[in-house]
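No experiment lies behind these values; they were computed from the predicted model shown.
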Amino acid sequence: INIPPTPYINTHKPNKPSVSLVRSDKCLTNIIIGPRASQLCTVRPRVELDVHTEAVQAALAKHKERKMAVPMPSKRRSLVVQTSMDAYTPPGEEAFPCSISMEHWINRAIHGTSSTTTTTTSSTASSSSSSTRSGGSGAAGGRLADESRTWIKVCVSVCVCSPSGVPVSSRVSAKIQQLVNTLKRPKRPPLREFFVDDFEELLEVQQPDPNQPKAEGAQMVAMGGEQLGVVTNWPPSLEAALQRWGTISPKAPCLTTMDTNGKPLYVLTYGKLWSRSVKVAYNLLHKLGTKQEPLVRPGDRVALVFPNNDPAAFMTAFYGCLLAEVVPVPIEVPLTRKDAGSQQIGFLLGSCGVTVALTSDTCHKGLPKSPTGEIPQFKGWPKVLWFVTESKHLSKPPRDWFPHIKDANQDNAYIEYKTCKDGSVLGVTVMRIAMLTHCQTLTQSCSYTEAETIVNVLDFKKDVGLWHAILTSVMNMMHVISIPYALMKVNPLSWIQKVCQYKAKVACVKSRDMHWALVAHRDQRDINLSSLRMLVVADGSNPWSISSCDAFLNVFQSKGLKPEVICPCASSPEALTVAIRRPLEEGSTPPARGILSMQGLSHGVIRVDTEEKLSVLTLQDVGSVMPGAVMCVVKPEGVPQLCKTDEIGELCVCTVATGTSYYGLAGMTKNTFEVFPVSNIGTPVSEFPFTRTGLLGFIGPGALIFVAGKMDGLMVVGGRRHNADDIVATALAVEPMKFVYRGRIAVFSITVLHDERIVVVAEQRPDSTEEDSFQWMSRVLQAIDSIHQVGVYCLALVPSNTLPKTPLGGIHLSETKQLFLEGALHPCNVLMCPHTCVTNLPKPRQKQPGTIGPASVMVGNLVSGKRIAQASGRDLGQIEDNDQARKVCVRGGLLFLFLSEVLQWRAQTTPDHVLYTLLNSRGTIASSLTCVQLHKRAEKIATMLAERGHLQDGDHVALVYPPGIDLIVAFYGCLYAGCVPITVRPPHPQNIATTLPTVKMIVEVSRSVCVMTTQLISKLLKSKEALAAVDVRSWPPVLDTDDLPKKKPPLLYKPSNPDTLAYLDFSVSTTGMLAGVKMSHTATSAFCRSIKLQCELYPSREVAICLDPYCGLGFVLWCLCSVYSGHQSILIPPSELEVNPALWLSAVSQYKVRDTFCSYSVMELCTKGLGLQTDSLKSRGLDLSRVRTCVVVAEERPRIALTQSFSKLFKDLGLHPRAVSTSFGCRVNLAICLQVSQGLTTSILVFSVFISSLFLFCRVRLVERGSPHSLPLMESGKILPGVRIIIANPETKGPMGESHLGEIWVHSGHNASGYFTVYGDEALQSDHFSSRLSFGDTQTVWARTGYLGFLRRTELTDASGERHDALYVVGALEEAMELRGMRYHPIDIETSVIRTHKSITECAVFTWTNLLVVVVELDGSEQEALDLVPLVTNVVLEEHYLIVGVVVVVDIGVIPINSRGEKQRMHLRDGFLADQLDPIYVAYNM
């Protein structure tokens, strides 16, 4: 290739520095060369040793005044990592034990003076005090939910509030206030973005910053290296070289291996290497398989599996393969079946068609074996034959057999494995001619001569170690001293000692080997490094190796180390050696440094800066282009176009000495090994293909090559490029080696919300305290923010020695990332910063004022061009009710019945008809009631109330009974006596402290003049435990009904007015509010009639009920419907299912029930408890094929996932997939919808809506299943007869159009008549129970349910021929959270969170001062708690565009749940703020 002269090629000798000023001062050519050179020749002052550490300390000093008040996470004491100091990481894993004084000295020597490392940012006193929790503070009282999880919790806490409403007594709320204050600090301006408002998907558009630096230089040209001067005595192939030395100089040492004590273990001579390689070649070709069918043929691939302490066996096998013309694939020894990355290596072997694995005797013995002695197949590996290469196991070749030695050709020589960023393993094939040419270029570049001694610390199976110590050494008959990894772990100075001992001319090391030699160096007087003419630094292209090189030179220059000896090199598996700095002439000026602006680099341009600036990157060159090669720099993305002279790009080389392909991957090969760079006008630079090196850099003045990072480590955040190595260096410069281990730190990016987010994971030293670690983390964040101008999304510290390792002790990056994403990393400290680094959130919504007038939007039955969203059940007046129980009172033209009269009538006409059957946990009948039994027992209750209680008409009586027959009897006794019953759940005997206050509160609020209960509960109410919980002296009279009077009452009470009160229905709402509603006789009767007609209930029918009988529809079905309709109710108390989960379904099967009612908690108990028992239930004859409807009774959005899994699970037992349906009721109307199969088939319509559309515009958009942000909803049941509903705007009270989201309003004969309250809040009552529309039909009185939903007309028709209107309930208005101008329902966020990790069993969310708090219950070890924090934060960001403020991890059962299985989020919120949850971990996201 003819290379035109460029301003970058100097006419001077390359080792003479010069300045080449071509363009403006912004351009690359102004890299300063020279001024610093003098410093490098002499011992530099220690303060200047590591420019970068100084920069970090300076950046932190700026933050010292403005302390960042990061609230420290609260952690349970059992979770605090307390390991002994002995658990340090040995040097191989990148650490070294040393005394405090030594570490202090090293800190000063390498990282500047100690005074600069003491700036700290502590969190506030309140946070530090709560870093550890007292273990048992909340064992009983702190847990809001007891074991049964079915009892109502009331959290009565008094706390002093600040003017802003924040409880100042609480540590937790103080921390949250601290977090809020921290988040108020101004942050970087967010990226500009906009919405396309209509129904289109949300768009985020990044606008480039007009002020960002742009490349201004001329287009670069390809750069050629010196000519490859072929010396006459160079061998025609490596096998020929081996044959030559093996026969001419058989006694010459080839390789010396060391034991773990540093003593020579074995010397392999060239004669032995030659004879043994021939033996291996012969056995491979002739002793495997049969003569007709040999197992290995020339060209086949074989695996080389040798440990790092046996280079001699590896070398013999490698050359044996070359002589046999088979292709070796060197890989690591699989120590266990679960080795990090071992599976991917197996995939590589499979794709290469490897069937034979060569190994040493010791290694073979050490491999895991099955009981029969066979080596098991490793995960992902093909089946391989293990072949031991030791001479004693091999046959001697015949005298007349010689390997065929050819000149180097285009055949494959070997395959080197390469691990990609995502963890996949590729095989880079190297041809024989490329291998030989590469050895020649290294020989010329490094001036290797015969019989030189070289010390090698690197892995000899791949990369620089293989090229210098196995291949080039044989070509030049050199003597290699191999230092095994195990020896380096014990004695990091061993390589330096061997250089002295053998007077070695060359050493091949990594910068970490230099670093640990420094740490271990103890003024050893006998060290002399003057023999070294070349110290090859294999990772010298890493920008941060410069500090190790400088520090090493600084310490060892006095020991004879010459500055010009240090030779950094750049390499990659694809391009082999990309560049290597030549040893300079003694006394010549060391090469220049490039001091570049990190801000410029992040935009891909080169801007020269000064060392005084904090955010600079100092680069050392890695020499010039290799002999015989041509290099150019192309843009990293898209078309391989040449970069400008001041632009960073990917280095590409054109030479024979590179890899040729990724084995078996033609497409990837074309993109990497067959690249044709083009100029800016599109013309190719050369007719020959270039190979991408995977290195980012540029060609500087004097044709010197500078590498700024790797493509694999590139992270593009917010359009700017950052290199993982740069971030690692900044993190380590923050008080280095004090809290984390050098080298045991991983930086990677994960994609969250359409951008990459930086994650830093480091191994924490066992001796650092919680507070120290947390301070270190907050300082790392500040340092990275100052120097790189980028936010870290997550910083996690894990216990020492827990990150997955590569075979040579480094961190296995992709495996670490995988563990992080799966929630299996088990960190001991986590700091998430989504608030500061997520800047591409959609803009918060501004609420539009509802100013549209009624006239302009409503025409007839249309609103804004849509049909008004209203629907109704069948008309009660037109339905004939042929039941003979029609003792009719005609009042105002309405047909009406009192329940007490119906019972008396049934007792006369069908006295022995069984109305109720109660089952116990064994499934046998505990008790039953016929019509006459119920009537007579109710009469006795009425007598007792009159005689013992001296009650008047209309007095309120609290019924505190367990679920059963006594409750029903007491209820009808109250009706007979003219009293108003209130059913109350009894206190739980094991948890009186939290359940009794609720009972007391209901009794007081309902103004009950007496309490009726059983003898057992009566004793419980007066026990010592009760005395501790409430003031028992203030109870009204308690009557126990176990001993009833014998006589009948003189006269049964008959209500004079049907609108008088029949009973009070008290319940705790999901927001934790206790509310009682008034049910009149009219409403009660209408309710029972509506259910009777909807469910077709007649005396011949049996219905199974597994519900709590204390409020809502559960109470009506348990106590009232059987008396009204005459059907038999089989009563199953839900608490009995905890003893026997199969009780309910067994009863349904045994009694051949067609209709059954349950709650979500019952359904969940069956799904979880019987999931694995369906086969045994089937064998016991359980049959659900007769079930026509199974209705879930709830006051919430249908839980579609639970109902579907229940249906699927019990399908095998005959349950029809359409049998399961839901009902919907609320405080103002206890049942609005109730689905039964009648005329209309049960429609379970699943569809999805975009959350943005749903919650912003009040419109519902139907989308395909699985669309982004899709939300599956299920119809809430068929509207009951006599019920009308309309969807209204909750703010304007105007009617809404069909498929618009609004509040569900209901008009019905069985609406409740108002709240029963001691405060008499009339405004609230009139608004909830007697609202009118603001326009349209303004006469009808509606009750507001407080639930958001929408109506949608379906294609189905009901019995009357009308098209069916389906009601979909979305969620409660009072629970909806207004965040960022959008409305969110907790259930949606909770569903997303529960899906993220198998250990999350339950979740609840609430808001506090505009922060979203997520509480998750952990079913697993406490060590998993911190894994959940990033996962929860990620999923809420991805699916809901919300940033989680606080993540609280608690034990199972802490989230309070009421009797209907609904979460009590407000109680949870109160408990959290009062610090009563005893959390495992609380994370405050920054």
Side-chain angles (χ1 to χ4, degrees), residues 59 68 183 185-195 201-215 421 596-607 614-617 635-638 647-649 696 708-731 747-760 780-795 817 820-821 831-844 1380 1430 1433-1434 1436-1444 1485-1486:
M68 191 162 81
L183 295 177
R185 290 184 304 119
K187 63 174 179 180
R188 241 169 274 107
L191 304 171
R192 287 181 52 209
E193 73 296 287
F194 63 89
F195 287 102
E201 196 174 343
L202 181 76
L203 289 182
E204 295 139 21
V205 175
Q206 273 177 229
Q207 304 292 338
D209 179 5
N211 301 320
Q212 75 179 43
K214 293 182 177 65
K421 191 176 182 176
L596 307 180
S597 152
M598 222 167 294
Q599 165 82 2
L601 288 175
S602 73
H603 291 290
V605 298
I606 301 161
R607 291 290 176 266
L614 298 182
S615 51
V616 294
L617 182 65
K635 300 203 167 164
E637 292 95 21
E647 202 172 358
I648 293 276
L696 290 166
K710 291 183 180 160
M711 286 292 288
D712 268 0
L714 205 59
M715 302 178 292
V716 183
V717 182
R720 290 174 56 215
R721 302 192 299 209
H722 303 274
N723 224 289
D725 288 331
D726 302 0
I727 307 283
V728 168
T730 302
V747 172
F748 52 86
S749 64
I750 58 171
T751 304
V752 181
L753 198 66
H754 315 305
D755 200 359
E756 288 187 46
R757 313 287 175 194
I758 296 175
V759 178
V760 180
V780 166
L781 293 177
Q782 291 167 3
I784 292 172
D785 185 75
S786 295
I787 288 173
H788 303 277
Q789 285 94 48
V790 68
V792 173
Y793 180 67
C794 176
L795 212 164
K817 179 176 175 176
F820 177 82
L821 292 172
L831 183 55
M832 298 284 300
C833 306
H835 287 97
T836 44
C837 67
V838 177
T839 54
N840 62 335
L841 279 174
K843 282 180 184 154
R1380 308 187 74 255
T1433 309
N1434 292 358
V1436 177
L1437 253 176
E1438 280 278 351
E1439 297 187 9
H1440 304 279
Y1441 297 161
L1442 284 177
I1443 294 178
V1444 177
N1485 286 350
M1486 293 304 301

Could you grab the distance from atom CZ of R607 to atom CE of M598, nearest 0.5 Å is fine? 16.0 Å
Does some side-chain heavy atom of R721 sit less than 4.5 Å from a side-chain heavy atom of M715? no
Under the criterion side-chain contact (heavy atoms from CB on, under 4.5 Å), I'd like the reasoning laid out for K710 against L696: C-alpha separation, chi angles, the key distance, then a yes or no. CA-CA 5 Å; K710 291 183 180 160; L696 290 166; over 6 Å; no
Nearest 0.5 Å, what's the CG-OG1 distance between D755 and T839? 7.0 Å
Note: R720 and S602 closest approach over all heavy atoms is NE-OG, 2.9 Å
Shortest non-hydrogen contact from P834 to V1444? CG-O, 4.3 Å
Which heavy atom in P213 sits nearest to a heavy atom in G600, and how many Å separate them? CG-CA, 4.2 Å
Drop me the distance from Y793's OH to L1437's CG, to the nearest 0.5 angstrom. 5.0 Å
The residue among V728, L714, L617, V747 that forms side chain to side chain contact (heavy atoms under 4.5 Å, CB included) with N723 is L714
Set of side chain to side chain contact (heavy atoms under 4.5 Å, CB included) partners for L821, sequence neighbours left out: I750, K817
Contact check, side chains of T751 and R757, non-hydrogen atoms, under 4.5 Å: no
What residues form a side chain to side chain contact (heavy atoms under 4.5 Å, CB included) with A215, not counting sequence neighbours? V605, K644, D646, E647
Shortest non-hydrogen pair, L841 vs R1380, comes out as CB-NH2, 3.6 Å
Interatomic distance, I1443 atom CD1 to T1433 atom OG1 [nearest 0.5 angstrom]: 9.5 Å
What heavy-atom pair brings C833 and L781 nearest, and what distance separates the two atoms? SG-CD1, 3.3 Å
Do you know which two heavy atoms are closest between V716 and E756, and how far apart they sit? O-CB, 3.3 Å
About how many Å separate CG of L753 and CG of N1434, when rounded to the nearest 0.5 Å? 10.5 Å
Pairwise distance CE(M832) to CE(M1486) - rounded to 0.5 angstrom: 12.5 Å
Closer than 3.5 angstrom, by distance alone: can the side chain of H788 be matched with the main-chain N or O of H722 as a donor-acceptor pair? no
Side-chain donor-acceptor pair under 3.5 Å between Y1441 and N840, yes or no? no
Assess the residue pair V616 and L596 against the criterion (side-chain contact (heavy atoms from CB on, under 4.5 Å)); give the C-alpha distance rounded to whole Å, side-chain angles, the decisive distance to 0.1 Å, and a yes or no. CA-CA 5 Å; V616 294; L596 307 180; over 6 Å; no
Set of side chain to side chain donor-acceptor pair (under 3.5 Å) partners for S597, sequence neighbours left out: none
